[in-house]
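Just so you know, ligand 1 is whichever comes first in the structure, and atom 1 is the first atom listed for that ligand. Throughout, residue positions are numbered sequentially from 1 according to the sequence presented.
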Amino acid sequence: MSEQTKPNINWYPGHMTKTRRKMEEDLPLVDAVCELLDARIPISSRNPDIDAICGAKPRMVILNRMDMADPAATRQWADYFRARGMAVLQTDCKSRRGIGDFAPAVRRLLAEKLERYAQKGQKGRALKLMVVGIPNVGKSTFINQIAGRKGAKAENRPGVTRGKQWVNVDQGLLLLDTPGILWPKFEDPEVGMRLAYTGAIKEEILDTETLACHLMELLWSRYPQAVRERYKLELSPDADGYTLLTEAGKKRGYLLARGEIDTERMAKTLLDEYRSCKLGRFTLESPEQMEKTNE
Ligand code: G4P
């Protein structure tokens with residue numbers, strides 16, 4: 001990977017070791033792991049080692065920010081994870097959509113365990129869960145919504161220990177108060193870029209214009225109609241990102257003093273409009289890509 005595209009994410013290797021150790025310490029305390037993903041980028045918002053860390057522990061995937069993702073793509077992702085034996089929940093933590101489905105989904109996932117408890121005469125025994133995910137994916141907001149509180153933001157720094165606290169979610173359902181913070185696959189430059197498109201990482205991993213050129217190309221290949229309409233583009237399907245960005249800037253009338261097109265301004269506009277969903281609700285990754293990643 002070149003220095004230019006190396007994602008400048010503020011984690012050092014010790015971070016990963018500490019968070020992994022912390023999660024491995026907490027795992028025996030819980031009955032299932034609930035992994036939050038950004039529904040717009042389910043591959044890039046995923047921790048590369050999550051399957052190895054969780055082992056045979058029952059799992060739930062929470063496709064969060066469904067309000068910002070392409071609904072058809074979110075359904076495909078839900079099918080993908082369900083086919084791999086995981087429970088799936090789709091949520092919008094801002095409007096609370098999907099939040100009410102959490103408790104029933106957990107009980108379905110852990111039905112056999114509940115049955116065993118009942119047979120042993122432990123009917124009231126609580127199920128225990130933990131939430132994990134990369135920074136900014138919505139863990140604190142999710143926990144607060146599930147618990148029906150406006151609590152403080154959970155600590156994002158790995159390795160900081162607090163006393164273990166459990167949040168009462170529902171009758172017989174307890175959630176570990178502190179979410180497990182995981183790292184993304186930041187050695188992959190594509191992952192770094194997608195995290196930057198969505199604003200998940202604030203650090204500049206590339207200059208704005210280069211980032212916007214890559215995003216433009218990606219959107220042009222995945223959602224050409226919406227991009228064509230919004231920026232009045234009449235270019236060929238294989239047009240490159242810079243040509244697309246320049247043409248969009250021209251159509252917007254973003255001009256510099258000598259009649260040059262202000263591509264820097266257009267780059268900021270594109271990133272803003274993507275992040276605020278003004279362009280549409282776009283998902284940047286599909287399950288077929290995940291299959292390729294796993295090959
Ligand atoms: P973290 O604990 O995983 O680090 O993430 P956190 O809950 O702090 O959420 C990060 C940001 O994502 C917050 O926005 C939060 O409101 C937003 N968010 C979480 N879930 C959703 C969702 O389902 N849909 C949308 N649209 N946004 C979501 P923020 O900019 O930090 O604050 P604010 O906008 O809430 O003021």
Checklist entry - What pairs with D262 under side chain to side chain donor-acceptor pair (under 3.5 Å), at least two apart in sequence or on another chain? => result none
Item to check | Criterion side-chain hydrogen bond (donor to acceptor under 3.5 Å, both in side chains) against E273, the qualifying member of K278, K268, R230 | outcome: R230
Would you mind running through ligand 1 and noting each atom that sits below 4.0 Å from a heavy atom of [X]?
X: D92; answer: 22 (C), 23 (O), 24 (N)
X: K139; answer: 1 (P), 2 (O), 3 (O), 4 (O), 5 (O), 7 (O)
X: C93; answer: 20 (N), 21 (C), 22 (C), 23 (O)
X: N64; answer: 19 (C), 20 (N), 21 (C), 22 (C), 23 (O)

Item to check | Nearest option to atom 12 (O) of ligand 1, as decided by whichever heavy atom of R96, R65, M66, Q90 sits closest | outcome: R65
Checklist outcome for this item: Restricting to heavy atoms, the pick from K94, Q145, R97 nearest atom 35 (O) of ligand 1 would be K94
Next on the checklist: Evaluate M68 for polar contact with ligand 1, using N/O atom pairs at a separation under 3.5 Å.
Outcome noted: no
Next on the checklist: Would F142 count as being in polar contact with ligand 1, using the rule that some N or O on each side must be under 3.5 angstrom apart?
Outcome noted: no
Checklist entry - Would you say N47's side chain and W183's backbone share a donor-acceptor pair under 3.5 angstrom? => result yes
Next on the checklist: Quick one: does any side-chain atom of T243 pair with a main-chain N or O of A239 as donor and acceptor, under 3.5 Å?
Outcome noted: no
Checklist entry - Are Y274 and T198 linked by a side-chain donor-acceptor pair shorter than 3.5 Å? => result no
Next on the checklist: Applying side-chain contact (heavy atoms from CB on, under 4.5 Å) to I62 and E35, what does each step give before you reach the verdict?
Outcome noted: CA-CA 6 Å; I62 297 156; E35 175 194 5; over 6 Å; no
Checklist entry - Where does D67 meet ligand 1, judged by heavy-atom distances below 4.0 Å: at the side chain, the backbone, both, or neither? => result side chain
Next on the checklist: Under the rule for salt bridge (charged side-chain N to carboxylate O under 4.0 Å, His left out), what residues qualify as partners of R265, not counting sequence neighbours?
Outcome noted: none
